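What you are looking at is a predicted structure, and each value in this text was computed from that prediction instead of being measured.
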Amino acid sequence: MTPNLWSTAENIISAGKIAVLPTDTIYGLVASVHKKEAIEKINNLKNRDNKPYIILIHSLSDLATFKINLTSPQTTVLNKLWPGPFSVAFDDKFSFRWPQKKELIHLIQKVGPVIATSCNHKDKPPATTIKEAQSYFDTEVDLYVPSPTEPLTATPSTVLGLNKDGQIKIYRQGVGVIPADLTTN
């Protein structure tokens, strides 16, 4: 994975276009949260309704952009889960994840929070290789950034709900083990 492709991805995403990037778990279709046309294009590519996306952030402070005011118990939990393969929902609108992949964190620092969704068509398995990603979307995506190691895990992140008291509810079990000292319902 060359640094030049990640720099190109920054430019592509900043310009309101779509990139396929390796995330911590699977390949993702990635666009800026601020580029409505790119998000609509992803909806069309995936034949997806306006279902919420996971938003990738690079720090807890990014949550304030989305009017998420963390309580002390929520902050404690998030500091144990992030960065990592946990997507956390605070309400019905958004789920957030702070990834571990250094290149992805750097990209988010440059372009701001991004939406990410699995790189696949509805009812198809997520792409675990760049070749699979290209077979799904071909020239409909503006840039493909391959992972240096393939295949990727094919298991998406674990999706959690986190209430103001710091209580966790698992919506989808995926990659990631919740630390034993965190309570789950």
Side-chain angles (χ1 to χ4, degrees), residues 1-3 5-10 12-13 17-33 35 38-58 62 78 81-89 94-162 168 170-178:
M1 191 169 354
T2 65
L5 281 178
W6 282 94
S7 294
T8 302
E10 291 170 16
I12 291 283
I13 291 168
K17 297 180 181 179
I18 300 169
V20 169
L21 303 174
T23 68
D24 293 334
T25 56
I26 58 177
Y27 278 102
L29 287 167
V30 178
S32 170
V33 297
K35 303 295 184 181
I39 295 169
E40 288 172 4
K41 183 175 179 183
I42 289 175
N43 284 341
N44 291 333
L45 287 174
K46 290 191 64 150
N47 193 24
R48 177 184 171 128
D49 56 15
N50 254 351
K51 184 169 122 177
Y53 286 105
I54 293 172
I55 298 172
L56 302 182
I57 59 173
H58 80 280
D62 279 350
L78 292 175
L81 296 177
W82 284 347
F86 299 99
S87 298
V88 180
F94 304 113
S95 293
F96 299 89
R97 186 160 52 85
W98 179 352
Q100 293 173 307
K101 184 177 280 302
K102 290 180 177 99
E103 298 90 349
L104 198 49
I105 291 171
H106 181 76
L107 178 134
I108 298 164
Q109 288 171 330
K110 295 286 189 181
V111 304
V114 295
I115 61 122
T117 184
S118 60
C119 185
N120 60 315
H121 287 291
K122 193 174 182 179
D123 301 324
K124 298 284 186 183
T128 60
T129 67
I130 206 68
K131 192 172 189 174
E132 287 174 331
Q134 290 167 326
S135 74
Y136 284 144
F137 300 110
D138 195 29
T139 60
E140 296 176 290
V141 170
D142 301 291
L143 177 70
Y144 292 87
V145 177
S147 174
T149 58
E150 289 186 337
L152 299 180
T153 66
T155 305
S157 61
T158 295
V159 179
L160 310 170
L162 181 60
I168 294 173
I170 299 174
Y171 295 121
R172 177 184 76 198
Q173 183 62 55
V175 173
V177 177
I178 298 170

Closest heavy-atom pair and its distance - I55, P113: CG2-CB, 3.8 Å

Between CG on residue D24 and OG1 on residue T155, distance to nearest 0.5 Å: 13.0 Å

Distance (rounded to the nearest 0.5 Å) between I18 CD1 and I39 CD1: 9.5 Å

Note, T8 side chain near V145 side chain (heavy atom, < 4.5 Å): no

Any side-chain heavy-atom pair of L160 and L81 under 4.5 Å: yes

Flag side-chain contact, heavy atom, 4.5 Å: W6 against L21: yes

Polar side-chain atom of S147 near backbone of E150 as donor-acceptor pair, under 3.5 Å: no

For P146 against L5, the heavy-atom pair lying closest together: CD-CD1, 3.7 Å

Exercise: identify the closest heavy-atom pair between I26 and P126: CD1-CB, 4.1 Å

Non-neighbouring partners of D62 that pass side chain to side chain donor-acceptor pair (under 3.5 Å), sequence neighbours left out: H58

L56 to A116 - nearest heavy-atom pair and separation: CD1-CB, 3.8 Å

For the student: nearest non-hydrogen atoms of V88 and W82, plus distance: CG2-CZ2, 3.7 Å

Closest heavy-atom pair and its distance - P99, I105: O-CD1, 3.1 Å

S32 side, atom OG; L107 side, atom CG - distance, nearest 0.5 Å: 10.0 Å

Point-to-point distance, once rounded to the nearest 0.5 Å, from CD1 of I54 to OG of S95: 6.0 Å

V20 and L29, any side-chain heavy atoms less than 4.5 Å apart: yes

Side-chain touch L143/K17, heavy atoms, less than 4.5 angstrom: no

Straight-line distance of L162 CG to F86 CZ, nearest 0.5 Å: 12.0 Å

Evaluation steps, side chain to side chain donor-acceptor pair (under 3.5 Å), between S118 and K46: CA-CA 9 Å; S118 60; K46 290 191 64 150; 3.1 Å; yes

Spacing of S7 atom OG and E103 atom CD [to the nearest 0.5 Å]: 11.0 Å

Minimum side-chain heavy-atom gap L45-Y136 below 4.5 Å: no

Residues that F137 engages under ring pair (Phe, Tyr, Trp, His ring centres under 6.0 Å), provided they are two or more places apart: H121

Side chain proximity check, P85 to Q100, heavy atoms < 4.5 angstrom: yes

Exam field: side chain K41 to backbone E140, donor-acceptor pair closer than 3.5 Å: yes

Working for side chain to side chain donor-acceptor pair (under 3.5 Å), residues T25 and S157: CA-CA 7 Å; T25 56; S157 61; 5.6 Å; no

V114 and Y53, any side-chain heavy atoms less than 4.5 Å apart: no

